[in-house]
Amino acid sequence: MKVFKFGGASVKDADAVKNVGTILQQYNQQPILVVVSAMGKTTNALEQLVNAHYHNDGQTKQRLYKEIKSFHDSIINGLLQNTSLHAYYDIDNLFIELECLLESESEGSYDYNYDQIVSYGEIFSTRIVSTYLNESGIKNRWIDARNFINTDNTYREPKVDWLSTKNVIEKKLKPIVHKQLVVTQGFIGQNKEHNTVTLGREGSDYSAAIFAFGLEAESVTIWKDVAGVMNADPKKFEAAIKLDELNYTHAIEMAYYGATVIHPKTIQPLQSKNIPLYVKSFINPHEKGTVVSTYANEKLIPSFISKTKQTLLSISSKDFSFIVEDNLSTIFNLFAEHHMKINLMQNSAISFSVCIDDKGDELEKLKSDLSIDFNVKTNNDVELITVMHYNEEAIKQATTGKTILLEQRTRATIQFVLK
Ligand code: ASP
Ligand code: MG
């Protein structure tokens, strides 16, 4: 049993969806669960729609809704011959559902509203893909991922309830996948109150891993618009090369440091069951791609991971006290309260520096809370660059022409905050 994941770029227009069909045809008769993300940049558009809805901006809301609807309509028209089919009406009904939701006044927290609205991207996309595949002879069953991925009640980044999720996938989903190709959504699940939740941006990889864990799948394949996992972002490093094999730990670290090719939470569930992860190109599906597994035969060449739009905060106490345990716990609590993830930290006797994503308003709120007890200095728009398996040459490549604001080095990894 295999799990395939197709991301937004692989279903961004009608031709892309047809290409998904061509790939699946080559795996005809094999038990496969296909996890699909929202089409193209739909999630971004839906995020804007949530903003408009939450702030009661009727005009923007209407405009965005129409844009999202016509984007999907154009894909449907490029795919389905006969739009008077039942299946087509089902898709249309989903849009009406969303429209009704938008017409009612927004209730509950922002994050709750976010999950109820943004999740439609995956629902639309999987309905369209599943219907198209069925029409073109690739028989499949559409499944609602929310019936299988159970979480706690945190919106936007809930914790998965592994026990119940594993149970229901094994008992209820596995027999279905054995019988028939299954198409389901990435990124979404259901909480204890039976409301929809989303698993965090780019969370469809994580969904694929959760399903694979529950199904005890033989492998997961993430189909991407790149050849595999590269040692650097080819848009930033001309000399980027593809890594043929990677071990789980290296992949987890790369994802943790900000390599966007794999969602950071994806690897652990796979590692725990020794399920290999293939990252392959949907443009050249016959090429080997990258395999992430336990016994990877890794070439230890330097990997470069760059995170831009970073803010460096330097926090020091107002009363000249040292930054030790009690101060640190106050600081960490504030970061947790504001859902701020620390990408790098360093402390000295009287100051504590952290590099975090610039999350706009939320960062300002954090800074103002920190300012009650601490002096906070800010360096905006810096870059965090991590070089794994570094050497002198690689360090030069990463830092030439830039000012180093902070440096941290272990035996295998070096990180710089650069301006
Ligand atoms: N559609 C979601 C996003 O764009 C999830 C995913 O693509 O993995 O973040
Ligand atoms: Mg995506």
Side-chain angles (χ1 to χ4, degrees), residues 1-7 10-11 17 20-38 85-88 90-91 93-94 119-151 160-192 194-199 203-223 266 269-270 272-278:
M1 189 166 292
K2 293 184 168 81
V3 175
F4 282 1
K5 181 256 170 170
F6 290 96
S10 65
V11 289
V17 177
V20 169
T22 310
I23 292 174
L24 290 176
Q25 237 153 14
Q26 278 143 36
Y27 294 86
N28 200 5
Q29 306 301 332
Q30 296 189 32
I32 296 175
L33 175 94
V34 182
V35 174
V36 186
S37 310
L85 283 175
H86 255 307
Y88 175 75
D90 279 351
I91 298 167
N93 283 339
L94 290 167
S119 51
Y120 272 93
E122 268 64 17
I123 302 289
F124 296 149
S125 137
T126 50
R127 276 289 185 197
I128 295 169
V129 171
S130 167
T131 305
Y132 164 74
L133 292 175
N134 271 326
E135 263 203 75
S136 51
I138 305 170
K139 293 294 166 214
N140 71 91
R141 179 160 164 188
W142 181 92
I143 291 262
D144 193 326
R146 291 170 292 193
N147 294 330
F148 298 97
I149 295 187
N150 300 322
T151 72
V160 171
D161 178 343
W162 286 99
L163 203 64
S164 70
T165 298
K166 162 99 183 120
N167 248 324
V168 64
I169 290 177
E170 196 173 320
K171 293 219 173 73
K172 297 268 163 33
L173 186 58
K174 205 171 185 172
I176 301 174
V177 185
H178 267 301
K179 267 194 255 156
Q180 190 167 23
L181 185 73
V182 169
V183 173
T184 192
Q185 308 78 44
F187 186 50
I188 65 173
Q190 190 176 70
N191 68 13
K192 304 231 179 314
H194 301 287
N195 288 324
T196 303
V197 289
T198 66
L199 304 177
S204 294
D205 291 0
Y206 186 37
S207 301
I210 298 168
F211 280 117
F213 177 89
L215 294 168
E216 309 227 345
E218 65 180 76
S219 66
V220 172
T221 307
I222 299 183
W223 296 91
T266 308
L270 301 180
S272 76
K273 297 245 178 239
N274 247 316
I275 300 169
L277 169 71
Y278 295 89

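When reading the values below, keep in mind they use all heavy atoms of this one structure, side chains included, and skip hydrogens, waters and symmetry mates.
Scanning both residues, Arg146 and Ile123, for their nearest heavy atoms gives NH2-CD1, 3.3 Å. Between Ala217 and Val3, the shortest heavy-atom contact is CB-CG2, 4.0 Å. Of all heavy-atom pairs spanning Gln190 and Val197, the tightest one is N-CG2, 3.8 Å. Here the closest heavy-atom approach between residue Ser125 and residue Ala38 is recorded as CB-CA, 3.9 Å. Closest of all the heavy-atom pairs between Phe148 and Val168 is O-CG1, 3.6 Å.
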| task | Carefully, step by step, assess Val20 and Phe4 under the rule side-chain contact (heavy atoms from CB on, under 4.5 Å). | result | CA-CA 10 Å; Val20 169; Phe4 282 1; over 6 Å; no

| request: Output, in order, the C-alpha distance, side-chain angles, deciding distance and verdict of side-chain contact (heavy atoms from CB on, under 4.5 Å) for Leu199 and Ser207. | output: CA-CA 8 Å; Leu199 304 177; Ser207 301; 3.5 Å; yes

| request: Determine, stepwise, if the pair Val220 / Ile275 fulfils side-chain contact (heavy atoms from CB on, under 4.5 Å). | output: CA-CA 7 Å; Val220 172; Ile275 300 169; 4.3 Å; yes

| task | Tell me, with the steps shown, if Ser164 and Asp161 meet side chain to side chain donor-acceptor pair (under 3.5 Å). | result | CA-CA 6 Å; Ser164 70; Asp161 178 343; 3.3 Å; yes

| said: Let's go through Val183 and Val36 carefully: what are the C-alpha distance in whole Å and the side-chain angles of both, what is the deciding distance for side-chain contact (heavy atoms from CB on, under 4.5 Å) to 0.1 Å, and is it a yes or a no? | reply: CA-CA 7 Å; Val183 173; Val36 186; 4.3 Å; yes

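Contact of the Gln25 side chain with the Ile138 side chain is registered, since non-hydrogen atoms from C-beta on lie closer than 4.5 Å. Inter-residue side-chain proximity for Pro276 and Glu218 is flagged as unmet; no heavy-atom pair is nearer than 4.5 Å. Between Leu270 and Phe213 the shortest side-chain heavy-atom distance does not fall below 4.5 Å. Looking at Ile143 and Ile176, their side chains come closer than 4.5 Å, going by heavy atoms from C-beta outward. Considering only heavy atoms from C-beta on, Ile169 comes within 4.5 Å of Phe211 through its side chain. Side-chain contact between Val182 and Val34 is absent, with no heavy atoms from C-beta onward closer than 4.5 Å.
Distance check: Glu122 CD to Asp144 CG gives 11.5 Å after rounding to the nearest 0.5 Å. Taking CG of Asn140 as the start and CG of Leu133 as the end, the distance is 5.0 Å to the nearest 0.5 Å. Taking CD from Gln26 and CD from Gln30, the interatomic distance works out to 11.0 Å, rounded to the nearest 0.5 Å. For the atom pair OH of Tyr120 and CD1 of Ile188, the computed distance is 10.0 Å after rounding to the nearest 0.5 Å. Here the OG1-CD1 distance, from Thr221 to Ile23, works out to 10.0 Å after rounding to the nearest 0.5 Å. In this structure, CG on Leu173 lies 11.5 Å from OG1 on Thr165, to the nearest 0.5 angstrom.
Annotation: Lys192, atom NZ; neighbour count of heavy atoms from other residues, nucleotides and ligands within 6.0 Å is above 12. More than 12 heavy atoms of other shown residues, nucleotides or ligands fall within 6.0 angstrom of atom NZ in Lys139.
Of the candidates Lys174, His178, Lys273, Lys174 is the only one forming a side chain to side chain contact (heavy atoms under 4.5 Å, CB included) with Leu215.
The aromatic rings of Trp223 and Phe6 sit parallel, their planes meeting at an angle under 30°, below the 60° perpendicular limit.
Side-chain atoms of Lys5 never come within 3.5 Å of backbone atoms of Val35 as a donor-acceptor pair (strictly under, hydrogens ignored).
Not less than 6.0 angstrom separates the ring centroid of Tyr206 from the ring centroid of Phe187.
No side-chain donor from either of Thr151 and Asn191 sits under 3.5 Å from a side-chain acceptor of the other. Judged purely by distance below 3.5 Å, without hydrogens or angles, the side chains of Trp142 and Thr126 pair a donor atom with an acceptor atom.
Salt bridge present: Glu216 and Lys166 bring a charged side-chain N and a carboxylate O closer than 4.0 Å.
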